[in-house]
Structures are given as C-alpha cells and as structure tokens.
Amino acid sequence: MNHKKRTTLLKYWTTRYLITLIAGLLILAAGSLWWIRNTTLDNRLNIMEYLAVETADRISHSDRNSDFGLFNRRLEERASVLQMEKQPELFITDLKGRVLNGRPPRKQPGFDGLPLQDIRRIPKKLLNNDSTVQKLDVNDTLVYAVKKPVYYENNQAGWVVVMQEASDLTNINQEYRLLIILLLGLGLLGWAVIYLLSKKIVKPIQDVAHAASQIKEGNYEVQLHTDAKEQELYDLLSSFKEMTIRLTQLEKLRAELLAGVTHDLKTPVTSISGLIQAVRDGIVTGEERNEFLDISLKEVHRLQTMIEDLLNFNSLSAGAFTIRNEKCNMNKLVEDIAHQWKVTLNEDIEWHVQLPNKPIFRETDPLRLQQILINLLNNSYHALSEHRSITVSLTEHSIDVKDTGSGIPDKEQPYVFERFFRGEKKKLKVRGLGLGLPFSKMLAKAMNADLILKKSSPQGTTFSIFWESHSSK
C-alpha cells in the first residue's frame, strides 16, 4: 500500500505558481532596476550637459567681472529637476583649469577626503580629453564630469565644468521603492487571482472525487451539478454523471442476472430431476417413458448450451480464443450460412438474402462469422411478431441482418451489448444468459470488425457487422 504523503491540488498548483511568479518577478525586477539605473543616469547626465551649455552661454554674454556666485545659485535652481539629495558642483575655470568661482568649503556628512567644492584646479586629463562627458577619479571619489567651453569674442576663455559623484547620480531610492511596491502588488494580485481561479476549478474535481469515493462504497445515489461553464469541466462532470447512471443500471442488471441465471439453471435441473425420478420409480412406462427421457435430454442440451456460452465468453475475454482468418468469397459464405440456418429453422417466414453482383473477397474466420450471423438470425427470429420477415444484406464493408419485429425500446438500446443484459420482452419468450450479443461483438472485434445496432424502431431492428475499408482484400 502506497503511504506517500500527498498534497491537495489547490495547494500543489498555487504553491508552484507562486514560486514561478516570484522567480519571474525577481528576474523582471533585476532587469527593471538595471534599466531604471542606466536610464536615470543617462537622463541626469543629459541634464548636467544642458546646465553646462546654458551656463557657458550666459557667461559668454555677460561681463568679465560678473559675480560667478550667481551661476552657482542658478545651477542650484536648475538642478532641482535632477531630484537628487546632493546637487552637482559647478566650476568655471580659465584655460589652464584654475577654478574662478568658489564657495566656502563644506564638509559632506560621511565623506572621507576633500569634497568636490574644495577643488581649486580641474585635472588636465579632463580638459584635454575630447569627450564632453567623462568618468574619472577626483580626490579618491568616482565622479562624472561634463565640460563645455566658454567663449569671449569668438575666443575660448575658459571652461564650465559640472561634476557630480557617481553614487549620487545613480541614487534612485524613490524609483526603487516604487518598483518594489509595484512588483509586490503584482505578486499579491497574481497569487490571489490564481488562488481563486484554482479554487474554482478544483471545486468540481473535488466533487467528482467525493462522488467516486461514494461509488466505491457502493452508494450510486450521488448528486453532481453539471452547470460548469468550462467545456473540459462540463465534459468531466457530465461523463461522470452518465457513468453513475450506467453503473446504477448495471447494478440493477447484476441483481436481475443473479435471479435470472439462478432461475434458468434451476428450472431445467428441477425438470430433469423430476423426469428421471419418474422413470426410475416406474411411474411412466412405454412411449411416455421415452418421451420423458427425450425431454430430459433436451433440458440437458440446454444446460450444456448455457454452460458452453459461459465458457466461450470467458475464453474470449481472457484472450484464449483462436481466430483463423482465411480469404473467403463473402457472397458464397453469407448465402451458405443463411441457407443452413433457414433449413435448420424449418419455419415459414419471409426470407431475403441480398448479395452484390460482383463477388467480394475478405480475410475472415468463416466459423466465427457463422457464429455471429447465427446468433443475429436467432435474435431476429425471436423478435418477429405478425409480419415475419428477415433480410440479410451483404455490401463491400458490411453485413446487415434486418427483421420486422417490434424493435428494441429506446431505454434498452444502450445496454444490448452489455454482458448478461436481456430485454424485458425477451425474458418472457426465450431463456438464456444474455451473452449472445456481447460474445458476438467480441468475436467481431477479434476479426478486426465491429458489431453495432444500426437502427431499431417499432417497424424492426437492424444489426450490422462492418469492416474498415483497409480490411478488404
């Protein structure tokens, strides 16, 4: 017995979805953070470049003796759009890089070394490099620098340099917080949605499982709602409900079978016992004695037939049944079987055998085909009422046996191939075990064919043995 611990379907899939969702969101977060960081850095460098260009242009159009501190204040006003805790530093220099504007030194909290405001000369490597935007190390601090030339009367007089520490430019805590909140919100929303949807899907499956456990205990009176909107769930619930109805019917058949078989086996045994007892005790003599013995032999033959049907059916079900196919002229074979049955019957009924003009050849087992046709013909004969007519028709892909009996009731048609099933009318007319049609269908399957109830109505019934087209020879 398997004692492996199992989890519920809802827990199993929601947990795995949550893990997948978290992994996906983490990958998305990593990509988003990288993109936000680089985009923010590019945008802030562009704004720094714009500030440098604006400052250089204002200096070019101002007096040489202007107060450079004004440009510092303007920079602070313009730089507010950068949304940074520390504003960039503006340096106005001569051609040699000496800083012309200045402000009182102010130590930045937590900064080891000289702050950017204390720079008195811009490094030559920055001024000599052709790149407008550069990344360099100043006073052991990694900074981004943007430079723009200053012109007076079409001659370069100096530089405008805007610097900012790299850590400040990439500091986007606010954006990080918004992204984290967004991803957490998406994660919770996604998990809640999949949980609710999974719960909705799991509910009918749980109902089916509960119904199956009831059926296992022998309770077939289960209630299932088949109003699911999803096609797959609807099919599952409908199929299970139909299966339950079918099992209920089969359970009823099983009970009837037990009673029927007991009766069918007990009756001939009782008759045989009484008849032989009468003969042994000398109650009957002469011709009556022989008649009693003949009746006993007939009852014995009927018992043998019933037992043989059971043995044959069990043998075929177990696969211990041999099919010997050979190439047969179906026109001649069907005609011979029908004629043999008609002669054996010795009854006055209207009889038709319809054969095609062109001979049909097929690989089949003639003995097993004869068993199937004889059984169908016997059933047709027992179903006849007033207008007694049976027609056997052969086509390229099928053999049809049609009668003009009263037909099979609609409620009984789905069960005609169930083992031990016998219709209400047939129970009253013919004794048997209800194995004829199931046995014939299994024989047909063994010969790569099939036996079906083609149609049935109050005007008659037609059974058909048919082969797929590739079975023809």
Side-chain angles (χ1 to χ4, degrees), residues 253 305 309 312-313 316 323 328 330-331 333-342 344-345 347 349-356 360 362 364-427 429-469 471-472:
L253 292 177
T305 301
D309 286 346
N312 288 338
F313 187 83
L316 186 57
I323 299 295
C328 300
M330 299 299 291
N331 298 53
L333 179 60
V334 170
E335 187 175 24
D336 289 346
I337 295 173
H339 178 72
Q340 179 184 346
W341 181 82
K342 178 66 168 58
T344 305
L345 178 66
E347 290 280 347
I349 62 173
E350 188 175 339
W351 181 256
H352 303 282
V353 178
Q354 299 177 350
L355 303 173
I360 297 174
R362 184 180 298 280
T364 189
D365 187 330
L367 178 61
R368 303 308 177 193
L369 182 62
Q370 181 180 9
Q371 287 181 272
I372 299 173
L373 283 176
I374 293 298
N375 182 60
L376 293 178
L377 290 169
N378 285 334
N379 287 346
S380 295
Y381 171 71
H382 294 312
L384 294 178
S385 53
E386 296 179 359
H387 180 58
R388 298 157 62 85
S389 173
I390 296 178
T391 303
V392 180
S393 303
L394 172 67
T395 65
E396 184 179 357
H397 302 302
S398 67
I399 302 173
D400 292 349
V401 178
K402 179 181 179 182
D403 63 60
T404 56
S406 57
I408 302 172
D410 292 341
K411 64 178 182 179
E412 294 182 1
Q413 292 182 18
Y415 307 103
V416 294
F417 293 108
E418 292 291 344
R419 60 193 70 183
F420 306 115
F421 174 78
R422 301 179 67 204
E424 295 295 332
K425 294 181 180 179
K426 192 171 183 180
K427 290 179 185 178
K429 295 177 65 175
V430 184
R431 289 182 180 177
L433 297 177
L435 291 174
L437 286 175
F439 181 68
S440 298
K441 188 175 183 70
M442 292 177 71
L443 280 178
K445 291 284 188 180
M447 296 190 298
N448 298 319
D450 200 2
L451 174 63
I452 62 169
L453 173 60
K454 195 171 185 178
K455 64 179 180 178
S456 184
S457 67
Q459 287 73 44
T461 300
T462 303
F463 282 91
S464 179
I465 309 168
F466 75 93
W467 290 263
E468 297 294 340
S469 58
S471 299
S472 300

Nearest-0.5 Å distance, NZ of residue Lys342 to CD1 of residue Ile390: 9.5 Å
Taking side chain as C-beta onward, heavy atoms only, is Thr461 less than 4.5 Å from Ser380? no
Smallest separation among heavy atoms of Met447 and Trp467, with atom names: O-NE1, 3.9 Å
Closer than 3.5 angstrom, by distance alone: can the side chain of Ser456 be matched with the main-chain N or O of Ile408 as a donor-acceptor pair? yes
Contacts of Pro366 meeting side-chain contact (heavy atoms from CB on, under 4.5 Å) (sequence neighbours excluded), chain-then-number -> Glu326, Cys328, Leu333
The side-chain hydrogen bond (donor to acceptor under 3.5 Å, both in side chains) partners of Ser393 (sequence neighbours excluded) come to Gln354
So, taking the atom named CZ in Arg368 and the one named CZ in Phe439, what distance separates them when rounded to the nearest 0.5 Å? 6.5 Å
Can you tell me how far apart CD1 (Ile337) and CD (Gln370) are? Round to the nearest 0.5 Å. 5.0 Å
Does any part of the side chain of Ile399, heavy atoms only, come nearer than 4.5 Å to the side chain of Leu369, both counted from C-beta? yes
Quick one: CD1 on Ile360 to CG on Leu355, what's the gap to the nearest 0.5 Å? 8.5 Å
Straight-line distance of Ser398 OG to Met330 CE, nearest 0.5 Å: 10.0 Å
Gln371 backbone acceptor or donor facing Asn375 side chain under 3.5 Å: no
To check you understand the geometry: which heavy-atom pair defines the closest contact between Phe417 and Leu451, and what is its length? CZ-O, 3.6 Å
Just to verify, what does Ser457 make a side-chain contact (heavy atoms from CB on, under 4.5 Å) with, not counting sequence neighbours? Gln459
Counting distance only, does the side-chain N/O of Arg388 pair as donor-acceptor with the main-chain N or O of Asp403 below 3.5 Å? no
The single option from Leu453, Ile372, Asn379 passing side-chain contact (heavy atoms from CB on, under 4.5 Å) against Leu437: Asn379
Residues 442-458 vs salt bridge (Lys or Arg N to Asp or Glu O under 4.0 Å), sequence neighbours excluded, gives Asp400-Lys454, Lys441-Asp450, Lys445-Asp450
Do you know which two heavy atoms are closest between Ile465 and Ala449, and how far apart they sit? CG2-CB, 4.4 Å
Using the test side-chain hydrogen bond (donor to acceptor under 3.5 Å, both in side chains), find all partners of Thr462 that sit at least two apart in sequence or belong to another chain. none
In short, Trp341 meets Leu377 closest at the heavy-atom pair CZ2-O, 3.5 Å
Residues in side-chain contact (heavy atoms from CB on, under 4.5 Å) with His352, at least two apart? Glu350, Ser389, Thr391
